[in-house]
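When reading the values below, keep in mind they use all heavy atoms of this one structure, side chains included, and skip hydrogens, waters and symmetry mates.
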Amino acid sequence: MGGSDESYYGKHGTPQKYDPTFRGPIYDRGCTDVLCCVLLLLAVLGYVAVGIVAWTHGDPRKALYATDSRGRFCGQPGTETASKPLLFYFDITACASPLTLLQLHCPTTQICVSECPNRFLTLLGASADPPSMEYYRQFCAPELGTTSKPPLVLLKEKLCPSMLIPSTPLVRRCLPALSSRGGVLTVGNATSYEDGSGQLRNVSELLQGARSANAVLEGRQLAMRIFEDYTVSWYWIVIGLVIAMAASLLFIVLLRFVAGAVLGAALLLLVVVLGYGIFHCYSEYAALRGQPGSDLSVTELGLQSDLRVYLHLRHTWLAFMIILSVVELLVILLLIFLRKRILIAIALIKEAGRAVGHVMSALLFPLCTFFLLCLCIAYWASTALFLSTSNEAVYKVFNETECPLAGQTCNPETFNTSDAAAQCPGARCLFAFYGGESSFHRSLTALQFFNLFMLFWLANFAIALGQVTLAGAFASYYWAFKKPHDIPAFPLFSSFGRALRYHTGSLAFGSLILAIVQIIRVILEYLDHRLKGAENKVAKLLLGCLKCCFWCLEKFLKFLNRNAYIMIAVYGTNFCTSARNAFSLLMRNIIRVVVLDKVTDFLLFLGKLLIVGGVGVLAFFFFTHRIKLVEDTAPTLNYYWVPILTVLVGSYLIAHGFLSVFGMCVDTLFLCFLEDLERNDGSAERPYFMSPELRKLLKKRNKEA
């Protein structure tokens with residue numbers, strides 16, 4: 001027997017040796033993984049430096065304000081365009097697509113104006129009427145000033161548009177005021193317009209350049225209505241979220257008493273449903289006996305587009321019946337042979353309910369993790385915004401006809417006297433985008449990549465800190481011999497202090513490994529997006545396999561890190577040692593691990609389903625005025641789904657936060673339980689720390705001294 005044990009432990013690791021001084025999380029511990037702690041500190045300092053550089057060079061106004069052909073912001077306070085918040089296009093038909101409008105890559109002059117034109121007017125027509133020309137001049141380039149030039153000169157020098165069209169401001173841009181009357185497209189109640197050169201053009205030619213504007217307008221109207229709904233329903237949304245919080249607490253409390261009943265009912269229902277499925281398949285199989293064509297095999301029938309055809313074959317129902325019978329037999333055998341492990345899992349879940357009851361402050365700790373995650377996301381988003389707006393204005397040559405210099409960079413101050421203007425008489429030097437040729441601008445992509453990597457690293461670190469803190473608190477509960485009298489004071493805060501003081505490096509190590517895998521997954525997703533139109537099937541297959549492998553690797557690392565953090569919280573060892581010990585301990589009890597994991601997942605999923613579903617149904621009946629008692633109290637809304645979806649999402653986040661604490665408690669108690677079985681034997685010198693219920697299930701007892 002001894003040789004067998006040595007062989008077993010040699011394969012799956014060596015269990016912890018008995019330590020008479022061990023009474024839970026070790027207080028006399030030292031710093032672990034100091035190198036990773038220093039690396040994290042340097043990375044954070046570098047991240048702060050990147051943020052400072054981004055905030056120094058970046059200008060978010062570039063994302064907020066429209067930009068004219070000279071790169072000036074329309075409507076920016078303190079500038080000459082402060083009173084001109086709208087962007088006007090000289091020739092809207094020159095824009096190739098709606099996307100070019102939104103990205104300002106339209107090959108026509110663009111200026112900032114105070115208002116959009118509200119009438120049809122041509123330059124030739126306005127030049128003959130001084131009041132009309134005075135109105136027209138506000139839509140000419142600022143370079144014109146107060147000078148007077150003939151209309152043909154103004155058109156040649158691109159100082160004024162050839163025509164004005166009734167327009168409306170959309171996303172700070174003047175776009176044609178298109179409408180439909182009797183199915184006919186009109187602008188300003190007209191179906192055609194004069195283009196300034198004496199030719200009549202159909203309004204439909206304006207549609208391509210302004211089609212996206214209608215979608216933007218509808219989006220803005222939708223956003224305003226949603227905002228109005230929030231202003232009148234926020235109070236009831238908060239009440240719904242409070243109900244979700246209360247329901248989460250109630251569910252955790254009830255798990256102490258009904259976990260076994262709920263799981264038993266679910267398993268019984270599964271057996272009954274499978275039994276009914278077998279009966280139904282046999283009934284259909286018997287009913288088809290003697291019917292023409294029912295004895296054909298699937299091979300003889302061949303492949304059919306209408307799958308319902310196969311339901312008229314006896315072989316189909318026979319196959320279904322055999323499959324369900326095999327599944328039913330497997331379920332029954334698993335329940336018979338794993339009944340003891342299922343009972344242990346239920347007992348641990350009940351014990352977790354008692355542990356949470358004695359460490360109630362743990363339920364509020366996810367708020368700390370949530371705050372840290374919000375801080376990481378906010379810093380990442382602001383840094384990404386400033387980096388993306390750190391570029392300088394780049395001007396390029398645009399021309400409506402073929403030009404060998406089209407697309408090349410240019411200087412708008414000297415363009416009219418340059419060779420490009422001579423070679424391409426109709427070309428213009430217009431603002432294209434923000435970029436640059438300096439080393440800083442060439443490094444922007446790498447800096448954005450580093451920004452995203454640090455988001456993953458710091459977010460994983462915040463999650464790891466929460467897991468270690470909770471694990472230390474719940475381990476203090478388990479290793480208290482006389483519960484709750486031997487539980488140390490403030491176990492949660494003590495565990496939080498130990499994690500930050502001694503194990504910042506270990507947390508940084510675990511989160512760094514996970515961040516590297518996550519950034520690789522992002523790169524693979526980017527490559528997959530770039531290869532969507534490629535014809536290389538081998539590359540696509542290889543990329544799909546890599547994505548699947550790294551997805552599995554990420555899931556495994558999250559599982560391993562979670563258990564490693566529990567060992568760190570209890571024993572104070574470094575990350576690699578903790579991960580190895582945790583993995584070996586779980587491998588020595590792999591069946592118990594699988595059973596507990598699935599039982600816990602099922603109960604937590606059921607809890608989330610009940611909480612989110614119950615609160616969601618209540619919100620639906622309330623906001624749709626279907627509850628007679630409060631029918632007059634419910635607010636009148638534009639879209640009743642706005643508060644309902646908000647309540648559903650908020651309820652899920654609340655339920656996930658509370659039940660994640662419970663799940664961490666179950667995992668911690670499970671590892672402590674396995675350690676307890678290997679460390680102790682129930683003697684007076686080495687008593688078990690597990691609850692009496694667990695000792696009764698395992699038929700173990702503590703001997704009196």
Side-chain angles (χ1 to χ4, degrees), residues 66-75 79-95 101 104 106-170 172-179 186-203 205-206 209-210 213 398-400 412-413 415-416 421 425-431:
T67 312
D68 67 4
S69 296
R70 293 297 179 88
R72 293 171 294 198
F73 302 120
C74 298
T79 64
E80 58 182 331
T81 60
S83 60
K84 301 177 179 180
L86 305 175
L87 188 68
F88 172 73
Y89 297 89
F90 271 24
D91 184 7
I92 194 69
T93 61
C95 301
L101 277 180
L104 301 181
C106 190
T108 186
T109 304
Q110 303 146 37
I111 63 171
C112 298
V113 295
S114 57
E115 62 178 359
C116 296
N118 56 15
R119 67 191 76 169
F120 278 115
L121 200 59
T122 63
L123 180 59
L124 294 175
S127 61
D129 182 25
S132 297
M133 189 62 194
E134 186 64 27
Y135 174 80
Y136 205 99
R137 292 178 73 90
Q138 65 179 311
F139 301 103
C140 294
E143 293 79 8
L144 177 62
T146 58
T147 58
S148 297
K149 295 183 178 181
L152 295 179
V153 176
L154 294 176
L155 291 175
K156 181 180 179 181
E157 296 181 359
K158 303 294 182 182
L159 294 175
C160 291
S162 62
M163 60 183 173
L164 297 181
I165 299 172
S167 305
T168 56
L170 295 171
R172 298 195 177 194
R173 290 162 175 80
C174 293
L175 300 175
L178 299 173
S179 60
T186 63
V187 58
N189 296 324
T191 59
S192 61
Y193 64 96
E194 187 179 346
D195 64 359
S197 60
Q199 296 182 358
L200 286 178
R201 302 176 68 174
N202 194 285
V203 171
E205 297 183 32
L206 300 172
F398 286 95
N399 195 46
E400 296 182 14
E413 303 295 334
F415 179 75
N416 291 334
R428 293 171 304 285
C429 183
L430 302 178
F431 169 77

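- Qualifying side-chain contact (heavy atoms from CB on, under 4.5 Å) partners for Pro151, counting only residues two or more places apart in sequence or in other chains: Leu123, Leu124, Ser127.
- Side-chain atoms of Tyr136 come within 3.5 Å of backbone atoms of Met163 as a donor-acceptor pair (strictly under, hydrogens ignored).
- Here Thr79 pairs with Thr81 under the side-chain hydrogen bond (donor to acceptor under 3.5 Å, both in side chains) rule; sequence neighbours left out.
- For Phe139, the ring-ring contact (aromatic ring centres under 6.0 Å, His included) test picks out Phe88, Tyr135, with sequence neighbours left out.
- Separating the SG atom in Cys112 from the CG atom in Leu86 is a distance of 9.0 Å, to the nearest 0.5 Å.
- The shortest non-hydrogen separation linking Leu87 to Gln110 is CD1-CB, 3.9 Å.
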Exercise. Quick one: do Glu115 and Gln138 satisfy side-chain contact (heavy atoms from CB on, under 4.5 Å)? Show the steps, please.
Key: CA-CA 9 Å; Glu115 62 178 359; Gln138 65 179 311; 3.7 Å; yes
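- Residues forming a salt bridge (charged side-chain N to carboxylate O under 4.0 Å, His left out) with Glu134 (at least two apart in sequence, or on another chain): none.
- Listed by first and then second residue, the disulfide (SG to SG under 2.5 Å) pairs involving residues 134-165 are Cys140-Cys160 (not counting sequence neighbours).
- Note: Leu159 CG to Arg137 CZ = 10.0 Å, rounded to the nearest 0.5 Å.
- Looking only at side-chain heavy atoms (C-beta outward), Ser83 and Ser114 stay at 4.5 Å or farther from each other.
- Once rounded to the nearest 0.5 Å, the distance linking CD1 of Ile165 with CG of Asn118 reads 13.0 Å.
- Atoms CD1 and CZ, from Ile111 and Phe90 in turn, are 4.5 Å apart once rounded to the nearest 0.5 Å.
- The shortest non-hydrogen separation linking Pro169 to Cys116 is N-SG, 3.8 Å.
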